[in-house]
Amino acid sequence: ADAITFYGEHQAGIVTPAQDRLHFVAFDVITKDRADLIELLQKWTAAAARMTAGHDAGVIGAVSGIAEAPPDDTGEALGLPPSGLTLTIGFGPSLFRTADGVDRFGLAARRPAALDELPAFRGDALKPEISGGDLCIQACANDPQVAVHAIRNLARIGFGKVTMRYSQLGFGRTSSTSRAQATPRNLMGFKDGTNNLKAEDGDLLTEHLWAAPADGTQWMAGGSYLVTRKIRMVIETWDRTSLGEQEAIIGRNKGEGAPLGHAKEFDQIDFARKGADGGPAIAMDAHVRLAHPEQNGGVRLLRRGYNFVDGSDALGRLDAGLFFIAYQRDPRKQFVPVQRGLAKSDTLNEYIRHESSAVWACPPGVTGPQDFWGRALF
Ligand code: HEM
């Protein structure tokens, strides 16, 4: 029920212990006017500060205005507690320069090198209509109504300046981002987030999560880069796979979440350990081996994804999977090489399909009421 502090050095919603619910949205900016964009960011920031504290989106509120005007809050969160709401903004590469090279807002020279469009990966089955976008907002909360209310009101405030490109609801966080949290399970039934970067990992966060002035883009110092991928699970095939095979694919056991050949969830992984058949206990193409820092020059990600079920498809299969969310200091050195390795040989690929993709620059935190999201960019 608690409120999470909105102001700070970093945006909330990154190392904040992952809440249970997600409403993620990507917008396209339709105004061509730089001043309009800045004004929108100012209005959004003010509304976000209010809603994360448990207040209405506007100063007047859902039911205190004049009868003749639409209310400045839609009302469905009246009486609900803040529910751990965080709102985190990100800027897509197309905000800086469109795919056909147009610099709409005079920002082209300000685009961080780390905000390169992601390359194509083997096996990608991306749908353009749910990929990319100029702006994103990640709303996380422990009550879905609170998360949806926040996104709805930000979209309402943006009317005429932005259009919603796509949005994704998620339930059941698939990662723990704090050692105080038990590790949740994804829809494959496995504990997910065991070996994640966590809020308590001070020095590792400096090294792997937060952009620094030395990285070359001053306005991003204290920010982080976000990669979002909607990953559909071929649930029916997975469910007909034996327990032993499932565990071999992930490289951990299903009950405890221990690395194969080890006893406990948080045992340090020893990839040299042998299994009963004399081969490696964790297969060479198991997910945790390929994704592990040891295989990737030591790089880490802060994963913060959510399960989704968007009903069922025309063939009567669950339209379900993992909305993958990962924060990092530089996707070119982190997500991209890790995903290249996974795309090439992960046995999990037979059971998943990447359907959307986007990369975002999430600016540093808002320092106080006079500051706004992305101020240093302008
Ligand atoms: C670890 C599942 C996609 C990166 C894990 C673990 C599971 C899992 C069960 C072990 C527990 C843990 O340490 O968190 C999945 C599923 C996916 C998926 C079901 C797709 C639907 C990805 C993608 C990436 C990724 C796309 C990055 C490109 C990682 C990393 C680890 C990990 C870095 C930690 C490895 C370690 O250090 O031991 N994943 N994952 N995963 N995954 Fe994934």
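Each ligand, and each atom within it, is numbered from 1 in the order the structure gives.
- With a 4.0 Å cut-off on non-hydrogen atoms, R229 does not touch ligand 1 at all.
- Residues F24 and L322 are members of separate hydrophobic clusters, defined by side-chain heavy-atom contacts under 4.5 angstrom among Ile, Leu, Val, Met, Phe, Trp and Tyr.
- When non-hydrogen atoms are compared, ligand 1 lies under 4.0 Å from the backbone of D192 as well as from its side chain.
- Of all protein heavy atoms, the one closest to atom 9 (C) of ligand 1 is K191 O, 3.3 Å.
- Annotation: atom 26 (C) of ligand 1 to nearest protein heavy atom, Q339 OE1, 3.5 Å.
- In summary, the atoms of ligand 1 found under 4.0 Å from a heavy atom of I352, numbered by their order in the structure, are 21 (C).
- When every heavy atom of V227 is checked against every heavy atom of P331, the shortest pair comes out as CG2-CB, 4.2 Å.
- Not less than 6.0 angstrom separates the ring centroid of F121 from the ring centroid of H354.
- When all heavy atoms of M51 and D56 are compared, the pair lying nearest together is CG-C, 4.3 Å.
- The nearest heavy-atom contact from the protein to atom 27 (C) of ligand 1 is F324 CZ, 3.5 Å.
- Under 4.0 angstrom from ligand 1, the non-hydrogen atoms of L348 all belong to its side chain.
- Relative orientation of the W219 and F96 rings is parallel, given thresholds of 30° and 60° on the angle between their planes.
- Contact annotation: for N195 versus ligand 1, heavy atoms closer than 4.0 Å belong to both the backbone and the side chain.
- The nearest heavy-atom contact from the protein to atom 17 (C) of ligand 1 is L322 CD2, 3.7 Å.
- Contact annotation: G321 has no heavy atom less than 4.0 Å from any atom of ligand 1.
- Just one of I282, V288, N253 meets the side chain to side chain contact (heavy atoms under 4.5 Å, CB included) condition when paired with P259; it is I282.
- Residue F335 has at least one heavy-atom neighbour below 4.0 Å for each of these atoms of ligand 1: 28 (C).
- At a 4.0 Å heavy-atom cut-off, ligand 1 touches R303 through the side chain alone.
- Of the candidates R289, H287, Q334, the one placing a heavy atom closest to atom 42 (N) of ligand 1 is H287.
- Taking the six-membered ring where the residue is Trp, F335 and F324 present tilted rings, their angle falling between 30° and 60°.
- The shortest side-chain heavy-atom distance between H149 and T74 falls under the 4.5 Å cut-off.
- Evaluated for a salt bridge (Lys or Arg N to Asp or Glu O under 4.0 Å) with D134, the options R165, R97, R104 yield exactly one hit, R104.
- Per-residue contacts place M188 under 4.0 angstrom from the following atoms of ligand 1 (heavy atoms of the residue considered): 19 (C).
- Of all the atoms in ligand 1, the ones that sit under 4.0 Å from a non-hydrogen atom of P293 are 37 (O).
- Within the 4.0 Å heavy-atom criterion, both parts of H292, backbone and side chain, lie near ligand 1.
- Near I269, meaning under 4.0 Å from one of its heavy atoms, ligand 1 places the atoms 38 (O).
- At the shortest separation from atom 19 (C) of ligand 1 among protein heavy atoms lies N186 ND2, 3.5 Å.
- When the heavy-atom distances from atom 33 (C) of ligand 1 to G193, A291, P337 are ranked, the shortest goes to A291.
- Listed by number with element, the atoms of ligand 1 under 4.0 angstrom from any heavy atom of F190 are 9 (C).
- Heavy atoms from other residues, nucleotides or ligands lying under 6.0 Å from CG of D277 number more than 12.
- Under 4.0 angstrom from ligand 1, the non-hydrogen atoms of T194 come from both its backbone and its side chain.
- Under the 4.5 Å side-chain heavy-atom criterion for grouping Ile, Leu, Val, Met, Phe, Trp and Tyr, I231 is connected to I250 within one hydrophobic cluster.
- A perpendicular orientation is assigned to the rings of F190 and W238, their planes being inclined by more than 60° (bins at 30° and 60°).
- Ring orientation note: the planes of F27 and W44 are tilted relative to one another, at an angle of 30° to 60°.
- Within the structure, ligand 1 lacks N196 among the residues with a heavy atom less than 4.0 angstrom away.
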